[in-house]
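Just so you know, these numbers come straight off a predicted model, no measurement behind them. Chain A is the first sequence line, chain B the second, and so forth, proteins listed ahead of strands; every chain is numbered from 1.
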Protein chains: 2
Amino acid sequence: MKDKKESRREREKFRQRQEMLAAALELFSEKGYHNVSMHEIAEKAEFAIGTLYKFFKNKEDLYKSLITEQADRFHQALTKAIEEPDDEIEKLRNYVKTKREVFAANISVIRLYFAETRGASFNIKAGLDKEIRKRYDQFMHTLAAVFERGIKRKRFQKIADPYHLAVALDSLSNAFLLLWLDSPEDHPFPENPDVILNILFKGLVYT
Amino acid sequence: MKDKKESRREREKFRQRQEMLAAALELFSEKGYHNVSMHEIAEKAEFAIGTLYKFFKNKEDLYKSLITEQADRFHQALTKAIEEPDDEIEKLRNYVKTKREVFAANISVIRLYFAETRGASFNIKAGLDKEIRKRYDQFMHTLAAVFERGIKRKRFQKIADPYHLAVALDSLSNAFLLLWLDSPEDHPFPENPDVILNILFKGLVYT
DNA sequence: TCTTGACAATGTGACGTGTGATTTTATAAT
DNA sequence: ATTATAAAATCACACGTCACATTGTCAAGA
């Protein structure tokens, strides 16, 4: 019974924390770190200011938790996507497909995430940058491994270093997904994710 | 004589303005918009705060001027780079080469510029985003024209829509240049800019 | 030609005002 | 009684203003 109560309370706390983060996420992604006040977050989450501070040391801590937790979710989803299929080309297809879904469903967070990984974010004094980049780099290496294996198995030509290929695919998919999400009227979503992959797969110049 | 005096003063004012912008640039690129105060800028530029406000309506105006002026410089340099050579492949080579130089010489501004073009920047309330994107999009179209002409002249295969190819080259070059500039120890600058272009030029999968 | 002094233009920086993060104190729930 | 929540108080900081100071201009008089 004691146990049950404890865990019940635990769960309750966790739920509250999630609500706070959800409210914060919505606000941050809409207006940016510096244009959102703790008051606003508290109000949106339907808590008082003081309660926020019971859960998070300060604004920075709140933001940091938010971003890293979201980043973990993304990386987990994408890692799973490239691990599941066996064939390398299918891995890449599944990667693009999953990324498209993740982006579409979380476009607002994605922008914050980019701000952090892409440098030029000065939202918090220090630390987050490193923290996020570590995760990003880790993922980039697992993606590189796919290319490496593909080259070893003679499925891919070695047109570049595997890590470079990973960087290339990452940046290409980011660019196109943002393009499509930014203005679906001008740049509608192609049904086929191969539009992106073909840029890598096919050669531009005649040989 | 009157004329000369006038222009002398004009030039003097311009010089001061430049000094202010230079100081602001250094600070903004180091600490971000919100972590730099007008006082700091004034101090660094060795003017009094009031003087700043003689030149710029407010902080936003200062920042906006800074970014758009820099962006114009970049776009001008890059446009020139793709207009000069006659051959399409040489245009692209020259583009990458020039971009590399521009990035290397202005890495700090570049980050700010990305923050603005890549969304996720909430530095100023409104306007800049649109202003910069307009310029960016304009350039993207002139780059697309290179691909279009290349395809028409049978120098390139039509592996994708010309605009998409422009987006692809832009994002690839950004990604690699940042990679190299971020950690030259881990990822040294290849002497040959074709490292980037080959990803576009050569096909990854065997055909 | 040189000096002088009034007047304009430009530069200064202490201060008013507002905002927002964090703390403290009061209240209610368990 | 102890803990969780709410609301008000504190406190620091940064934008932008404005009355004053400084510098520069120009013409009349020595």
Which residues in residues 46-56 of chain B have a heavy atom closer than 4.0 Å to any atom of DNA chain D? B:Ile49, B:Tyr53
To the nearest angstrom, how far is A:Met38 atom CE from D:dA7 atom P? 17 Å
In whole angstrom, what separates A:Ile41's CD1 from D:dT5's C1'? 18 Å
Between D:dT25 (C1') and B:Glu12 (CD): distance, integer Å: 15 Å
Atom-pair distance (CG on B:Asn58; P on D:dA14), nearest Å: 17 Å
Could you state the atom-to-atom distance from CD of B:Glu60 to P of D:dA14 in whole Å? 17 Å
Partner residues of B:Arg73 under the side chain to side chain donor-acceptor pair (under 3.5 Å) criterion, sequence neighbours left out: B:Gln70, B:Asn106
Contacts of A:Asp182 that satisfy side chain to side chain donor-acceptor pair (under 3.5 Å) - sequence neighbours left out: A:Arg111
Can you check the A:His34 NE2 to D:dC15 C1' distance for me, whole Å? 16 Å
May I ask you to evaluate whether B:Gln16 reaches the phosphate of C:dT10, defined as a side-chain N or O under 4.0 Å from OP1 or OP2? no
Quick one: list whatever passes side chain to side chain donor-acceptor pair (under 3.5 Å) with A:Glu83, sequence neighbours left out. none
Rounded to the nearest angstrom, tell me the gap between atom CG in A:Asn35 and atom P in C:dA21. 11 Å
Nearest whole Å is fine: how far is C:dG18 P from B:Lys59 NZ? 19 Å
Who are the ring-ring contact (aromatic ring centres under 6.0 Å, His included) partners of B:His141, not counting sequence neighbours? B:Tyr163
Under 4.0 Å between a Lys/Arg side-chain N and an Asp/Glu carboxylate O for A:Glu40 and A:Lys44? no
With sequence neighbours excluded, residues passing ring-ring contact (aromatic ring centres under 6.0 Å, His included) with A:Tyr53: none
